[in-house]
K.L.:
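My structure is below; once you've seen it, I'll send some questions.
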Amino acid sequence: MSDDITFSIIKPDAFSRGDAARILFRIAEAGFTIAALKMIHMTRAQAEGFYAVHRERPFFEGLVEFMSTGPVMVMVLRHPDAVERFRSLIGTTDPAKAAPGTIRAEYGTTVQRNAVHGSDSAENAFKEASYFFSAIEIF
Ligand code: IDP
Ligand code: MG
């Protein structure tokens, strides 16, 4: 794995509304290929582990609660400059401020329930992908 991968989650809000396939289509249309993909329902402890870097933030409790409310789709995506390209495709954290046409603008509802996750660096993409997938599951 290298700079050409990022890690993403279709979060419980989008997944429970049945938007996962539409979001996947947007991702594919933008030229990303899927290197790994599965559906999981995170326990609270698994969500806490994933978001450990945010544990001191005021939104942490609400975030891990939300992320463990229902199934999500976790995936590894491949594209040149994947991290940067994917963050542009999804838009900024708050859907209300995300650029028109971005996935969060279209499918997110609040700053917490913003439909998708995207890694913020190549290093974190590798760590996050490794949290959910073993090396032989990433194509
Ligand atoms: P990012 O997902 O755009 O990288 P981060 O700052 O890494 O944003 O925050 C992780 C996640 O925590 C966000 O995607 C969002 O679901 C949630 N979050 C961030 N800031 C807030 C907030 O101020 N209130 C509620 N939830 C938040
Ligand atoms: Mg982040």
Side-chain angles (χ1 to χ4, degrees):
M1 284 188 283
S2 59
D3 284 4
D4 65 351
I5 66 123
T6 191
F7 173 79
S8 178
I9 304 179
I10 297 179
K11 296 187 180 184
D13 57 326
F15 191 93
S16 65
R17 276 195 312 267
D19 285 331
R22 277 179 277 275
I23 291 171
L24 275 178
F25 184 79
R26 290 286 310 274
I27 293 169
E29 211 178 26
F32 290 84
T33 54
I34 298 169
L37 173 69
K38 65 185 168 190
M39 293 189 289
I40 57 167
H41 184 163
M42 276 186 255
T43 63
R44 198 189 165 86
Q46 288 166 339
E48 284 173 359
F50 179 71
Y51 281 118
V53 294
H54 293 311
R55 83 188 148 258
E56 306 302 335
R57 310 288 290 277
F59 59 80
F60 180 73
E61 283 302 313
L63 177 62
V64 299
E65 180 70 32
F66 161 58
M67 289 300 289
S68 55
T69 51
V72 299
M73 212 172 253
V74 291
M75 64 191 95
V76 180
L77 300 169
R78 200 177 287 286
H79 194 288
D81 292 321
V83 166
E84 201 78 345
R85 291 291 291 261
F86 194 69
R87 301 249 327 165
S88 310
L89 177 67
I90 69 178
T92 195
T93 311
D94 182 352
K97 295 179 187 147
T102 59
I103 292 175
R104 280 170 165 172
E106 194 169 344
Y107 295 101
T109 50
T110 67
V111 63
Q112 179 190 75
R113 300 168 72 84
N114 58 3
V116 285
H117 168 83
S119 307
D120 63 6
S121 67
E123 187 191 350
N124 284 335
F126 177 80
K127 281 189 196 156
E128 292 171 359
S130 305
Y131 188 73
F132 292 106
F133 296 99
S134 69
I136 57 166
E137 292 175 306
I138 301 171
F139 303 111

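Ligands are counted one by one from 1 in listed order, and the atoms in each one are counted from 1 as well.
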K.L.:
Short list, please: which atoms of ligand 1 are under 4.0 Å from a heavy atom of Lys11?
P.N.:
13 (C), 14 (O), 15 (C), 16 (O)
K.L.:
Contact between Phe32 and Leu89 at the side-chain level, heavy atoms closer than 4.5 Å - yes or no?
P.N.:
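The answer is yes, as the side chains (C-beta and beyond) meet within the 4.5 Å cut-off.
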K.L.:
Measure the distance from atom 25 (C) of ligand 1 to every protein heavy atom, then report the residue, atom name and distance (to 0.1 Å) of the closest one.
P.N.:
Phe59 CB, 3.5 Å
K.L.:
From the options Leu63, Asp13, Asn114, select the one whose nearest heavy atom is closest to atom 17 (C) of ligand 1.
P.N.:
Leu63
K.L.:
Show the atoms of ligand 1 that are less than 4.0 angstrom away from any heavy atom in Val111.
P.N.:
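Close to Val111: 15 (C), 16 (O), 21 (C), 22 (C), 24 (N), 25 (C).
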K.L.:
For Arg113, is at least one N or O under 3.5 Å away from an N or O on ligand 1?
P.N.:
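Between Arg113 and ligand 1, no N or O pair is found under 3.5 Å apart.
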K.L.:
When rounded to the nearest 0.5 angstrom, what is the spacing between OG1 in Thr93 and CZ in Arg87?
P.N.:
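Nearest 0.5 Å value for the OG1-CZ distance: 6.0 Å.
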K.L.:
Tell me if a side-chain donor or acceptor on Arg85 pairs with a main-chain N or O of Ala82 at a distance below 3.5 Å.
P.N.:
no
K.L.:
Any atoms of ligand 1 less than 4.0 Å from a non-hydrogen atom of Arg104? List them with their elements.
P.N.:
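Once the distances to Arg104 are compared, the set is 1 (P), 2 (O), 3 (O), 14 (O).
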K.L.:
Is it the case that Lys11 places NZ or CZ above or below the six-membered ring of Phe66, under 6.0 angstrom from the centre and within 45 degrees of the axis?
P.N.:
no
K.L.:
CZ of Arg78 to CG of Asp4: how many Å apart, nearest 0.5 Å?
P.N.:
4.5 Å
K.L.:
To the nearest 0.1 Å, how far is atom 5 (P) of ligand 1 from its closest protein heavy atom, and which atom is that?
P.N.:
His54 NE2, 3.8 Å
K.L.:
Could you check atom 4 (O) of ligand 1 against the protein and tell me its nearest heavy-atom contact, residue, atom and distance included?
P.N.:
Arg87 NH1, 2.9 Å
K.L.:
Which option, Val116, Asp94, Thr93, owns the non-hydrogen atom nearest atom 1 (P) of ligand 1?
P.N.:
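Result: the heavy atom closest to atom 1 (P) of ligand 1 is in Thr93.
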K.L.:
Indicate, with yes or no, if the rings of His54 and Phe59 have centres closer together than 6.0 Å.
P.N.:
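Here the rings of Phe59 and His54 have centres that are less than 6.0 Å from each other.
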K.L.:
Over 60° means perpendicular and under 30° means parallel, so classify the ring planes of Tyr131 and Phe50, tilted if in between.
P.N.:
tilted
